[in-house]
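To start, the structure under review is shown below, and the notes come after it.
As a basis for the values below, the full set of heavy atoms in this structure was taken, side chains included, without hydrogen atoms, waters or symmetry mates.
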Amino acid sequence: MLFDHELAWKDPDVYNEVYRTSIEFSEQFWEYHRARLFAESNYNASFNCVDRHAAKNPNKTALVWYGDEFCERREITYIKLLIMVQKIASELLRRGVRKGDSVTICMPMIPESIAAMLACCRIGAIHNVVFSGFSPVALRERVFRSASRMVLTVTSSSRGGKLIPSLKNVLTAIDGLNAEILLLDHVDDFSIDERAVHPTPMDYADSMFTLYTSGSTKEPKRIFHTCGGYQLYSAMTFQYIFDAKESDTYFCTSDIGWITGHSYITYAPLFFGLKSVIFSGTPMYPTGGRYWDIIEREKVSIFYSAPSAIRCLASLGNDMLSNYDFSSLRALGCVGEPMNESAWEWFFNNIGQKRCPIMDTWWQTETGGIMLAPLHNISLQKPCFAAKPFFGVVPDIQNDELVILKKNWPGLSSNFARDDGQIYHTGDKAMRDEDGDFRVLGRIDDVVNISGHRLGTSEVESIVNSLGEIEESAAIGIPHRIKGQALCIFATTTSTLEPEQKESVAREISSRIRQDIGAIAKPDKIVFIPELPKTRSGKIKRNILKIIGEKKKIDYESGDLSSLVNLNCIKDIETAMQRAIKPMV
Ligand code: PRX
């Protein structure tokens, strides 16, 4: 199979030709790339991401870490990374962790966290990373349900000027569970066990890691990814879509707590032996110039971030930008939520300086890697369009929903049967323009996307409903200028409440959500209403709540309202919306 790899994601003619080949000769296409990328047929990610480079380029920088303050910086070479990985793997083995065991990782964005993921892979243990911003209750559930007997963490860390007491949170989370803690504050002190010197052989179909993500169900789903298919797909998409090369300096602002941090902070960049920058702070602390300072100092060539962060930084204005040098950049990327035109233009004009294409990449935890992305060619860029399917991916739109017509790309989670004839439902709303380019607009199901974080509304509702004062509730996403969406909760109460009582119940709801999920799920609005809009069959009409939540007018002419039991409830909800409470906790 011969084609120009360099041009496959740049030149539309080459792209079309390669895309057609990838569909018509699907099996050969993947096999060709598998053989090219895994010359040694070794599916241990630790081997692919560390040992290979440590042997060839031991002193090359693998990771550059920046902390909360401008001056905090560490550099880890591939040989140093190998030693860290071997040491953590040794400690896991000494504590009895074996191939196939689940290990939970709850850590900040430091080199040890990446080494911990790779150490699990090294011995064939299945890591289960939990975002360090989740509450102890959410962590406990994920440790318990994944049957992890080991939780990796550090004593504490600092993010955005705030201390995160990781160890304390983990201790609270695992209280009474059959799990122990391995602290990674002083990895240097560990010794290397000879069993960890070489990576454990792994098969293509062996499980590599799991990650919990929210869906329409009450409980988060545990998504499995396998060694071969996942690595093949994440590496390939990275290489083609970002045109990534060993000489690149790459900076992705996500967190290992999410799939982006798995595929495009840990596994794909290290697979190709890149220098990858990681950052454990926030874009706004101590100033809004953190990302730009890092780009200048490290001469970052590829910068991959999220729409919420870009919107937030754009809102600061352009004054400070002239202090920074962006000339090292050649490609930008964003992921996690829909972009909007003004943020896209700002990113393109000011950060990319009209030279760099923006890879608006659409994908999901379940898909393992990028599914839709624009071509590199600047003249073809359309703001907010994720545009083209990756090779082998066959997208379509059915009833407004983006669907993938075949379940046969290698990155698809092993939770789904890899069946050619079945359709993969994304739960996202999308449109396709006259050129056949795709634009993803948001969710069509009961999932809210707050700053790129997926949150199932039924998860929230079950927490709200557990409060004694609450009879029923419905949570929806409402538009938010920076976060994309914010959470709005409508609730009915078991008795009539005075205004002060409402304030106090709202505070209680908010703090309970924070306690059970984490700060990212904090509601922006809580609205007490006499009655939820329901159909005769008892289904909550969420679309009505969405219209009211967005302060839009209800269309009384549409037939949609005819299914309501009580049409009058609409007026009451509209009135209540004006007295929505914004909880401070
Ligand atoms: O709604 C889509 C949105 O994020 C969802 C997937 O979330 P998660 O599994 O946490 O993975 C996020 C990182 C891959 C999708 O169903 N989403 C992701 N990327 C985009 C997006 N929405 C619009 N445009 C995107 N580029």
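- Tyr212 and Glu141 are not linked by any side-chain donor-acceptor pair at a separation below 3.5 angstrom, with hydrogens and angles left out of the test.
- A cation-pi contact, defined as under 6.0 Å to the ring centre and within 45° of the axis, is absent between Arg122 and Phe47.
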Is there a side chain to side chain donor-acceptor pair (under 3.5 Å) between Ser148 and Ser102 once you walk through the steps? CA-CA 5 Å; Ser148 294; Ser102 163; 2.7 Å; yes
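- A donor atom on one side chain and an acceptor atom on the other are not found under 3.5 Å apart for Ser156 and Ser166.
- One finds the OH atom of Tyr19 at 10.0 Å from the NZ atom of Lys388 (value rounded to the nearest 0.5 Å).
- Of the possible donor and acceptor atoms, one in the side chain of His376 sits under 3.5 Å from a partner among the backbone N and O of Ile241.
- Atom CG in Leu270 sits 6.5 Å away from atom CG in Leu81 (nearest 0.5 Å).
- Although no hydrogens or angles enter the test, the distance criterion places a donor-acceptor pair under 3.5 Å between the side chain of His53 and the main chain of Phe271.
- Ring pair Phe348/Trp344 is parallel by interplanar angle, where below 30° counts as parallel and above 60° as perpendicular.
- Aromatic rings from Tyr304 and Phe242 are positioned such that their centres are separated by under 6.0 Å.
- A donor atom on one side chain and an acceptor atom on the other are not found under 3.5 Å apart for Asn350 and Glu345.
- Looking at Asn449, its side chain does come within 3.5 Å of a backbone N or O of Gly336 through a donor-acceptor pair.
- In this structure, Tyr267 has its ring center no closer than 6.0 Å to that of Tyr233.
- In this structure, the side chain of Thr426 does not engage the main chain of Ile404 through any donor-acceptor pair within 3.5 Å.
- Judged purely by atom type and a 3.5 angstrom limit, Arg290 has no side-chain atom pairing as donor or acceptor with the backbone of Pro286.
- Thr104 pairs with exactly one of Thr210, Thr153, Asn128 by the side-chain hydrogen bond (donor to acceptor under 3.5 Å, both in side chains) rule, that one being Asn128.
- Under the 4.0 Å criterion applied to side-chain N and carboxylate O atoms, Lys275 and Glu298 are assigned as salt-bridge partners.
- Separating the CG atom in Leu182 from the CG atom in Leu92 is a distance of 6.0 Å, to the nearest 0.5 Å.
- Tyr43 and Arg34 share a donor-acceptor pair across their side chains, judged by distance under 3.5 Å alone.
- Heavy atoms of other residues, nucleotides or ligands lying less than 6.0 angstrom from NZ of Lys245 number more than 12.
- Under the salt bridge (charged side-chain N to carboxylate O under 4.0 Å, His left out) rule, Glu337 has a single partner from Arg454, Arg311, Lys483, which is Arg311.
- When Tyr240, Tyr15, Phe3 are each tested for a ring pair (Phe, Tyr, Trp, His ring centres under 6.0 Å) with Trp9, only one passes: Tyr15.
- Residues Gly452 and Ser308 approach most closely at N-OG, 4.4 Å, considering heavy atoms.
- Annotation: side chain of Met84 is in contact with side chain of Glu112 (closest heavy-atom distance under 4.5 Å).
- In this structure, a donor-acceptor pair under 3.5 Å is present between the side chains of Trp362 and Asp428.
- Counting only N and O atoms by type, the side chains of Thr249 and Ser301 include no donor and acceptor under 3.5 Å apart.
- Within the 4.5 Å cutoff, the side chain of Cys120 has heavy atoms near those of the Ile105 side chain.
- The pair Arg439-Asp360 does not count as a salt bridge, with every side-chain nitrogen at least 4.0 angstrom from each carboxylate oxygen.
- When each of Phe238, Phe303, Tyr264 is paired with Tyr250, the ring pair (Phe, Tyr, Trp, His ring centres under 6.0 Å) condition holds for Phe238 and for no other.
- Nearest approach of Lys354 to Asn349, heavy atoms of both residues: CE-OD1, 3.2 Å.
- Nearest heavy atom pair, residue Ser413 against residue Phe224, reads OG-O, 3.0 Å.
- Proximity of a side-chain donor or acceptor of Asp437 to a complementary backbone N or O of Phe385 within less than 3.5 Å is not detected.
- More than 12 heavy atoms of other shown residues, nucleotides or ligands fall within 6.0 angstrom of atom NZ in Lys407.
- Side-chain N or O atoms of Asp68 include one that pairs as donor or acceptor with a backbone N or O of Gly160 at under 3.5 Å.
- Not one N or O on the side chain of Ser207 forms a donor-acceptor pair closer than 3.5 Å with the backbone of Phe209.
- For Asn415 and Glu366, the side-chain atoms include no donor-acceptor pair closer than 3.5 Å.
- Using modelled atom types, one side-chain atom of Trp409 and one backbone atom of Thr367 make a donor-acceptor pair closer than 3.5 Å.
- In this structure, Val64 and Arg73 have side chains that are in contact, with non-hydrogen atoms separated by less than 4.5 Å.
- Under the 3.5 Å distance criterion, the side-chain polar atoms of Glu91 are left unmatched by any main-chain donor or acceptor of Gln86.
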